[in-house]
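In listed order, ligands and their atoms are each counted from 1.
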Amino acid sequence: MQTAWRPFFSYNLWNLFEPAIGQEQWHCSMKRGFLKARAKEPDISPLIQQETVFQQVGLLAQQGVYEFHRDESLLSCTDGVRQVADILELNSKSDEVRDRVTQILLNYHSKPILLGREILRLIRGDEGFPNPILMRSGNQEYKLFAAIDCIFVEPDGTLHILDFKTGKSDSDRRQAYVYLLAARYLYPNRPAVASFYNLESQMWSNRITASGVQLQVLETDIFQLVQQHQKDLHRYKRQSVPFQEVFPPHPGYQCRSCQFQSVCNFAI
Ligand code: SF4
């Protein structure tokens with residue numbers, strides 16, 4: 001049976017909408033337009049399919065952690081890193097990806113932060129979209145997608161939502177709040193905290209929590225973003241408002257690493 005279409009929300013969409021604190025100068029709304037309004041166009045679609053080094057390293061790092069815990073004997077075995085590298089086929093990757101992921105595996109093998117913990121959920125990272133959570137506001141509904149990397153249970157029963165990071169990507173508290181909101185629906189009445197762990201720097205963030213009132217405010221804010229996003233898509237697609245008016249460009253240094261540089265009329 002076909003399910004009714006509903007708008008969706010995810011932390012990624014939020015990030016395309018509004019920059020994290022401190023990232024304002026790099027933010028360009030036109031990227032949201034390319035990704036969400038023009039993704040199916042023949043010259044845009046291949047650009048979106050291409051995996052950047054940043055994405056490849058993040059995915060392989062997540063897969064590496066998953067493999068170490070799928071068979072935890074690899075964590076005590078002297079050639080565990082090599083075995084996981086073989087599973088991930090690192091030899092077929094570019095030098096940069098192979099070297100960075102190998103270092104991540106060495107890091108995790110020497111400091112396996114999940115070992116001995118009660119792991120409730122640990123994704124491999126290539127499972128596709130997670131099941132959406134249906135959110136309601138009045139008579140309107142939207143789907144919340146939250147691709148949570150890992151959840152483990154603290155000794156006192158608190159759920160600990162852990163997001164793995166790589167590279168220099170900053171932890172954004174908004175991502176933690178989205179995950180805490182998702183956890184409230186997925187595991188009702190269970191206390192939860194969230195944190196970030198960088199697999200390259202081996203730095204663990206402070207724990208982030210949110211009260212029931214904070215999560216309610218967040219739900220209201222998210223709903224407004226969902227509505228604004230739908231309005232923008234409608235203006236561009238149905239009312240034929242020019243692309244750059246709906247999704248204004250913000251050219252600058254950020255164009256150098258933008259995946260749409262080759263098709264963007266405003267790239268510098
Ligand atoms: S190339 Fe520059 S202006 Fe164009 S979408 Fe990317 S960041 Fe924005």
Side-chain angles (χ1 to χ4, degrees), residues 7-62 93-97 100 125-126 128-129 142-147 163-178 196 198 200-201 221-268:
F8 77 95
F9 185 82
S10 65
Y11 161 70
N12 281 341
L13 178 60
W14 195 355
N15 207 25
L16 288 168
F17 227 108
E18 295 173 345
I21 292 170
Q23 298 297 310
E24 294 82 357
Q25 71 271 38
W26 316 121
H27 187 77
C28 175
S29 294
M30 190 164 271
K31 285 189 190 177
R32 178 168 61 98
F34 280 122
L35 281 163
K36 302 300 176 190
R38 296 180 55 183
K40 292 189 179 152
E41 292 180 17
D43 54 341
I44 308 297
S45 175
L47 301 175
I48 295 174
Q49 309 303 325
Q50 276 170 20
E51 269 190 337
T52 62
V53 168
F54 174 81
Q55 289 167 327
Q56 285 183 57
V57 170
L59 179 59
L60 288 165
Q62 174 78 32
K93 312 295 177 196
S94 68
D95 291 354
E96 182 183 356
V97 171
R100 281 180 61 189
D126 56 0
F129 284 110
Y142 70 92
K143 291 175 182 174
L144 175 68
F145 288 95
D163 190 72
F164 292 114
K165 295 284 177 207
T166 54
K168 295 190 170 66
S169 55
D170 290 324
S171 310
D172 182 352
R173 292 179 76 87
R174 299 177 304 172
Q175 186 174 14
Y177 292 138
V178 170
F196 301 96
N198 190 306
E200 290 188 273
S201 66
D221 291 348
I222 286 178
F223 201 74
Q224 285 172 358
L225 290 172
V226 169
Q227 286 182 311
Q228 183 58 51
H229 182 58
Q230 292 309 310
K231 266 188 211 160
D232 290 344
L233 294 179
H234 187 81
R235 284 176 66 216
Y236 174 62
K237 289 183 173 172
R238 305 262 182 270
Q239 299 175 346
S240 300
V241 177
F243 184 58
Q244 64 270 26
E245 262 184 48
V246 183
F247 304 103
H250 180 210
Y253 189 79
Q254 57 277 18
C255 296
R256 293 175 53 159
S257 57
C258 176
Q259 68 203 113
F260 304 111
Q261 191 190 39
S262 61
V263 291
C264 177
N265 295 332
F266 303 90
I268 56 172

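By the 30° and 60° cut-offs, the orientation of the rings of Phe8 relative to His229 is perpendicular. Ring geometry for Tyr253 against Trp26 counts as tilted: the plane angle lies between 30° and 60°, on a 0 to 90° scale.
For the side-chain contact (heavy atoms from CB on, under 4.5 Å) test, residues two or more places apart in sequence or in another chain that qualify with Glu245 are Val241, Pro242. Pro46 meets the side-chain contact (heavy atoms from CB on, under 4.5 Å) test with no other residue; sequence neighbours excluded. Glu51 is linked by a salt bridge (charged side-chain N to carboxylate O under 4.0 Å, His left out) to nothing, counting only residues two or more places apart in sequence or in another chain.
Annotation: protein N, O or S atoms under 2.8 Å of atom 8 (Fe) of ligand 1 (waters excluded) comprise Cys28 SG.
Look at Asp232 and Lys36 and you find no salt bridge, because none of the NZ, NE, NH1 or NH2 atoms lies under 4.0 Å from a carboxylate O.
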